[in-house]
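In this chain, residues are counted from 1 in sequence order. As the structure is a prediction and not an experimental result, all values here were calculated from the model. Each ligand, and each atom within it, is numbered from 1 in the order the structure gives.
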Amino acid sequence: MSITLNSPLDMHLHLRDEEMLKTVAPLSSQSFSGAIVMPNLVPPVTTKEELINYKNRIKNVIGDDTFTPYMTLFFKPTYSKEFLESIRDELTAIKLYPAGITTNSEGGLSGFDVEELRPTLEAMSELEIPLCVHGETNGFVMDREAEFVSIYEMLATNFPKLKIIMEHITTKESVEALDKFENLYATITLHHLMITLDDVAGGMLQPHLFCKPIAKRPEDREALRRVALNAHPKVMFGSDSAPHPQDAKESCGCAAGVFTAPLALQVLTELFLEHSTIEKLQAFVSDNARNIYTHIVVPNKIVTLEREEFTVPKKYGKVVPIYAGETLKYTISKIEG
Ligand SMILES: [Zn+2]
């Protein structure tokens with residue numbers, strides 16, 4: 001049996017820069033039609049010039065692949081409406097990081113004062129620029145996302161016309177928030193659908209599964225699976241694929257991030273088939289995103305997967321992927337477009 005996906009999209013992706021960009025960008029551009037590219041470079045992307053230059057660097061390394069990088073800025077509460085208007089055509093979303101919460105987020109936001117945020121968030125609402133949020137407080141690591149739900153609620157009620165994307169949700173509390181506010185949406189990663197904290201730290205520590213937000217409890221994974229496998233219209237696939245060199249993961253002070261991009265469609269196919277919801281995969285990996293991000297133009301690409309074993313490479317360049325060396329049941333057999 002073969003599975004066909006039209007124009008798969010990855011709505012949360014880290015492509016990094018320089019050598020790492022060269023290694024990982026083609027692994028996404030091959031099988032996806034486009035991706036929301038996160039701005040947490042060093043320094044982060046905060047100007048029009050940096051954004052356009054980064055987009056061009058991405059385009060240079062993906063060759064002829066049919067793939068659109070949807071560009072983002074690193075949120076600053078100082079962005080004016082004039083500035084946002086001037087960059088509107090190049091920009092798909094703005095990503096908000098609380099300060100110091102994950103890789104290269106030191107320059108992020110240190111407080112959530114509505115009045116301080118109002119000018120920028122109202123300008124974004126008017127210009128229909130979605131706000132993508134890494135929603136974690138600086139509380140206890142297992143509670144950070146659940147604690148952040150009150151901030152999502154504050155943002156959702158104060159800025160009702162702003163589309164707010166709760167990025168890489170990992171908890172049942174975030175799933176519940178989805179249906180409470182019309183303007184809250186979410187991305188869900190592959191790894192949070194597959195693993196719990198037990199897979200990371202229940203036995204010997206698995207550095208390649210360590211990420212932020214950290215994988216949670218089985219009931220959280222169940223809540224994520226429930227909305228992903230049914231392609232709840234407010235959720236989209238966003239891999240949060242986040243490559244680090246092997247020595248940054250297998251070290252004292254392991255970097256946070258799981259590298260999943262080249263295997264995501266194969267593993268999602270297996271997961272959706274296993275749960276007899278394969279007819280929902282198209283919406284989860286593409287259609288919902290198009291309905292939420294109404295301004296994106298999506299290039300046509302048809303990806304066919306077949307039931308055929310595929311052994312995951314031990315490394316892509318210097319990066320160890322999820323399921324390294326393991327055998328998956330589905331493989332990408334054809335890419336058209
Ligand atoms: Zn991310």
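- Inside a sphere of radius 2.8 Å centred on the Zn ion (ligand 1), the protein N/O/S atoms present are His12 NE2, His14 NE2, Asp240 OD1.
- No side-chain heavy atom of Val320 sits under 4.5 Å from any side-chain heavy atom of Lys314.
- Checked against the 6.0 Å centroid criterion, the rings of Phe310 and Tyr323 do not qualify as a close aromatic pair.
- Within 6.0 Å of NZ in Lys59 there are 12 or fewer heavy atoms belonging to other residues, nucleotides or ligands.
- Identified under the salt bridge (charged side-chain N to carboxylate O under 4.0 Å, His left out) test for residues 20-30, with sequence neighbours left out: Glu19-Lys22.
- Atom CZ of Arg225 sits in a crowded spot, with more than 12 heavy atoms from other residues, nucleotides or ligands closer than 6.0 Å.
- Between Arg118 and Glu115 there is a salt bridge, with a side-chain nitrogen of the basic residue lying less than 4.0 Å from a carboxylate oxygen of the acidic one.
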